[in-house]
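The block underneath contains the structure these notes are about, expressed in structure tokens.
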Amino acid sequence: MKLTDIILLSLSAALVVVGTHLTITSGISLSYPVFMLAVALLFWYRYRKNEQLIKEEESKAKGKSKKKK
């Protein structure tokens with residue numbers, strides 16, 4: 001896991017906590033943008049993880065094809 005992935009995951013978790021606090025104190029209308037930002041960061045984190053998995057599978061496939069020759 002790269003530093004960027006750790007930061008994205010930590011920020012999204014922190015924003016969920018902040019959004020929950022805002023919901024309790026001020027209502028959902030003020031906390032909605034915070035939750036949406038948290039979800040966007042989670043999607044971005046998941047996209048990066050999927051891209052990393054695809055690259056690893058491609059490198060494994062290239063390694064296997066070289067060994068067979």
Side-chain angles (χ1 to χ4, degrees):
M1 187 179 281
K2 292 186 179 182
L3 180 63
T4 308
D5 295 333
I6 294 170
I7 290 171
L8 286 173
L9 195 58
S10 300
L11 273 176
S12 63
L15 285 173
V16 167
V17 171
V18 169
T20 304
H21 175 70
L22 279 174
T23 301
I24 293 169
T25 58
S26 303
I28 192 73
S29 61
L30 290 177
S31 63
Y32 181 77
V34 176
F35 283 122
M36 289 300 105
L37 184 57
V39 169
L41 289 175
L42 281 173
F43 281 145
W44 189 12
Y45 168 77
R46 192 65 207 157
Y47 173 78
R48 288 177 53 88
K49 291 295 280 185
N50 284 339
E51 289 295 315
Q52 182 181 3
L53 288 173
I54 290 170
K55 287 179 184 178
E56 287 176 1
E57 288 176 2
E58 287 176 353
S59 66
K60 284 182 184 179
K62 286 181 183 179
K64 288 182 181 179
S65 65
K66 288 181 181 178
K67 289 180 182 178
K68 289 182 180 178
K69 290 182 178 180

Could you pull out all residues at least two apart from Ser31 that satisfy side chain to side chain contact (heavy atoms under 4.5 Å, CB included)?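 Listed in chain order: Leu22, Thr23, Ile28, Phe35.
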
Who else is in the cluster with Val39 when I, L, V, M, F, W and Y are joined by side-chain contacts under 4.5 Å? Phe43

Which residues, ordered by chain and number, are linked to Leu53 in its hydrophobic cluster, where ILVMFWY side chains connect at heavy-atom gaps below 4.5 Å, directly or through other members? none

Show every side chain to side chain donor-acceptor pair (under 3.5 Å) that has at least one partner inside residues 2-12, sequence neighbours left out. Asp5-Arg48

From [atom1] ([X]) to [atom2] ([Y]), nearest 0.5 Å:
X: Leu15; Y: Met36; atom1: CG; atom2: CE; value: 11.5 Å
X: Leu42; Y: Leu37; atom1: CG; atom2: CG; value: 10.0 Å
X: Lys60; Y: Glu57; atom1: NZ; atom2: CD; value: 7.5 Å

Within residues 18-44 or reaching into it, pairs that qualify as salt bridge (charged side-chain N to carboxylate O under 4.0 Å, His left out) - sequence neighbours excluded: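 Every pair satisfying salt bridge (charged side-chain N to carboxylate O under 4.0 Å, His left out) with a residue in residues 18-44: there are none.
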
Which salt bridge (charged side-chain N to carboxylate O under 4.0 Å, His left out) pairs, counting each pair once, include a residue from residues 11-20, with sequence neighbours left out? none

Val16, Val18: one ILVMFWY side-chain cluster at the under-4.5 Å cut-off? no

Treating Ile, Leu, Val, Met, Phe, Trp and Tyr as nodes and any side-chain heavy-atom pair under 4.5 angstrom as an edge, say whether Tyr45 and Val17 lie in one connected cluster. no

